[in-house]
Amino acid sequence: MHWPVVQTESGSDAVLVLNDLRFSYEPDDGPAPRAGLGLIVLKTDETMEPELRALLPEDGVALYHTRIESAPEVTAETLAKMADKMVEAASLLPETANLKVIAYGCTSGATVIGEDRVEQLVKSVHPDAMVTNPLTALKAKLDDLGARRIALLTPYVPEVTDALREALNDAGFEVVATGSFSEKREEAVTRIPPQTTLSAIEDLAGTCDCDAVFASCTNLRTVPILAEAERRTGKPVISSNSALSWHIMRLAGLS
C-alpha cells in the first residue's frame, strides 16, 4: 500500500493518514490450545530452558518461564531461602495462559524445601495447575521403569548430595553408588562439558550393579549425551531435565 505524502511547512515529507481503520476479529484459543506449561527457573540456571524446549512438543504447547531469586552458591541454606520467593515467582506466570502444569526447576531445592511445600506454595497462586519438580518427576520415572537400585551423579557439595541420597532412600529407592563434581558455584556447574559428564556416568555405572543412573541438577548439560550414556552403560540414564520434561508431558496429557 502506498500512503500519500505531503510537504510540511519545513519542506520535509510526511505521511498523510486519511483513515483511522478499525478491524474486527474472532478470538481463537491463543498460543497454547493444547497446554500452557509454566516453568520456575532459578536466576542462576543457564541450561534448563533450552534443554526443556528441545524435549517438549511445540505444536499447540506454550512454555512460559519465570525466574526465582537464587544464590550463586548451592548450599542447604541458600536452597532453603528460595521458599520465601516461590509465591512471588509463581505470580509472574500469566494467569490466562491455560496453565496445566507448573514445574519448579530445581532438584536440590525441592529436596531441601520439600516437594509438598513447593506444591503448596505454587498452588497458592495457581490452584488449578498441577505442580511438579525434578525430584518428584524422578521418582515417577523410576517407578515407571521399575528401577529401584540407583547410581547417583551430582555436581553438588557433599551436604546437598547427601540430602538427595537420603530423600531417594526414604522414598524406597536404594542409592548404591554416588559420584559428584563437588561444585558449589552455579556458574561452574553449567560449564561442565557434557562429555565430562558422560565419562563420569560411565565410570559410576561401572562401579555398581544398578537399575538406572540419575544425573542430577537442571543446570547440568545432559540432553546431548543421554542416548550415548545409555548405550555405553546398558542402563536407563535419567537427568533432572529429562525426568522433568517426561513428567510434565505425562501430567499435561501430552504424548
Side-chain angles (χ1 to χ4, degrees), residues 1 3 15 17 19-70 82-107 109-110 113 115-141 144 190 217-219 221-224 226 238-255:
M1 177 180 292
W3 298 97
V15 173
V17 179
N19 296 300
D20 183 11
L21 302 180
R22 295 289 187 269
F23 299 99
S24 62
Y25 68 95
E26 290 294 330
D28 63 13
D29 294 327
R34 292 176 68 196
L37 308 175
L39 190 60
I40 300 175
V41 186
L42 271 60
K43 175 184 177 180
T44 51
D45 194 306
E46 302 176 48
T47 301
M48 181 169 60
E49 287 156 307
E51 291 208 339
L52 258 66
R53 185 66 276 180
L55 292 168
L56 291 168
E58 296 187 9
D59 184 22
V61 177
L63 185 61
Y64 301 99
H65 308 163
T66 182
R67 291 273 172 167
I68 186 169
E69 186 69 37
S70 59
M82 271 190 281
D84 297 333
K85 303 291 185 178
M86 194 75 65
V87 170
E88 178 184 0
S91 69
L92 295 177
L93 290 167
E95 296 178 356
T96 59
N98 186 28
L99 291 174
K100 289 189 174 181
V101 182
I102 298 174
Y104 165 57
C106 185
T107 320
I113 297 169
E115 299 156 87
D116 292 342
R117 180 62 174 157
V118 168
E119 181 174 7
Q120 177 188 25
L121 292 168
V122 174
K123 276 186 169 289
S124 71
V125 185
H126 299 278
D128 296 328
M130 291 174 283
V131 179
T132 186
N133 63 79
L135 179 57
T136 299
L138 171 65
K139 293 176 183 178
K141 183 61 177 177
D144 186 70
T190 197
C217 189
T218 59
N219 212 8
R221 289 177 290 158
T222 56
V223 168
L226 288 178
I238 309 160
S239 71
S240 290
N241 288 333
S242 71
L244 190 59
S245 63
W246 174 86
H247 201 226
I248 289 171
M249 288 190 285
R250 167 169 280 200
L251 292 176
L254 301 172
S255 59

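What you see is a predicted model, and the numbers here were worked out from it, not measured in a lab.
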What side-chain donor-acceptor pairs closer than 3.5 Å can you find for residues 93-107, not counting sequence neighbours?
| from | atom 1 | to | atom 2 | distance (Å) |
| --- | --- | --- | --- | --- |
| N98 | ND2 | A32 | O | 3.2 |
| K100 | NZ | R34 | O | 3.0 |
| T107 | OG1 | S240 | OG | 2.7 |

Donor-acceptor pairs under 3.5 angstrom involving side-chain atoms of residues 132-139: please list them, not counting sequence neighbours.
| from | atom 1 | to | atom 2 | distance (Å) |
| --- | --- | --- | --- | --- |
| T132 | OG1 | H247 | ND1 | 2.7 |
| N133 | OD1 | L135 | N | 2.9 |
| N133 | OD1 | T136 | N | 3.0 |
| N133 | ND2 | T136 | OG1 | 2.9 |
| T136 | OG1 | E115 | OE1 | 2.6 |
| K139 | NZ | E115 | OE2 | 2.8 |

Just to verify, what does [X] make a side-chain hydrogen bond (donor to acceptor under 3.5 Å, both in side chains) with, not counting sequence neighbours?
| X | result |
| --- | --- |
| T44 | S70 |
| N219 | T47, E186, T190 |
| D144 | R250 |

Tell me the closest heavy-atom pair linking [X] and [Y], and the distance in Å.
| X | Y | result |
| --- | --- | --- |
| M82 | I68 | O-CD1, 3.5 Å |
| R53 | L63 | NH1-CB, 3.7 Å |
| V61 | P57 | CB-O, 3.4 Å |

Check: residues 120-128 side-chain donor-acceptor pairs under 3.5 Å, at least two apart:
| from | atom 1 | to | atom 2 | distance (Å) |
| --- | --- | --- | --- | --- |
| Q120 | OE1 | R117 | NH1 | 2.8 |
| K123 | NZ | P127 | O | 3.2 |
| K123 | NZ | A129 | O | 2.7 |
| S124 | OG | L121 | O | 2.5 |
| H126 | NE2 | A90 | O | 2.8 |

Exercise. Of all residues at least two apart in sequence or in a different chain, which pass the side-chain contact (heavy atoms from CB on, under 4.5 Å) check with S245?
Worked result: L52, L55, L56

For this session: Name all residues meeting the side-chain contact (heavy atoms from CB on, under 4.5 Å) criterion together with E88; count only those two or more places apart in sequence or in a different chain, and write none if there are none.
Result: K85

Exercise. Have D45 and T218 got a donor and an acceptor in their side chains that come within less than 3.5 Å?
Worked result: yes

Exercise. Taking it one step at a time, do S239 and L226 satisfy side-chain contact (heavy atoms from CB on, under 4.5 Å)?
Worked result: CA-CA 8 Å; S239 71; L226 288 178; 3.9 Å; yes

Problem set entry | Gap separating the CD atom of E51 from the CG atom of N241, nearest 0.5 angstrom | 4.5 Å

Problem set entry | side chain to side chain donor-acceptor pair (under 3.5 Å) contacts in which one or both residues fall within residues 58-68, not counting sequence neighbours | E49-H65, E49-R67

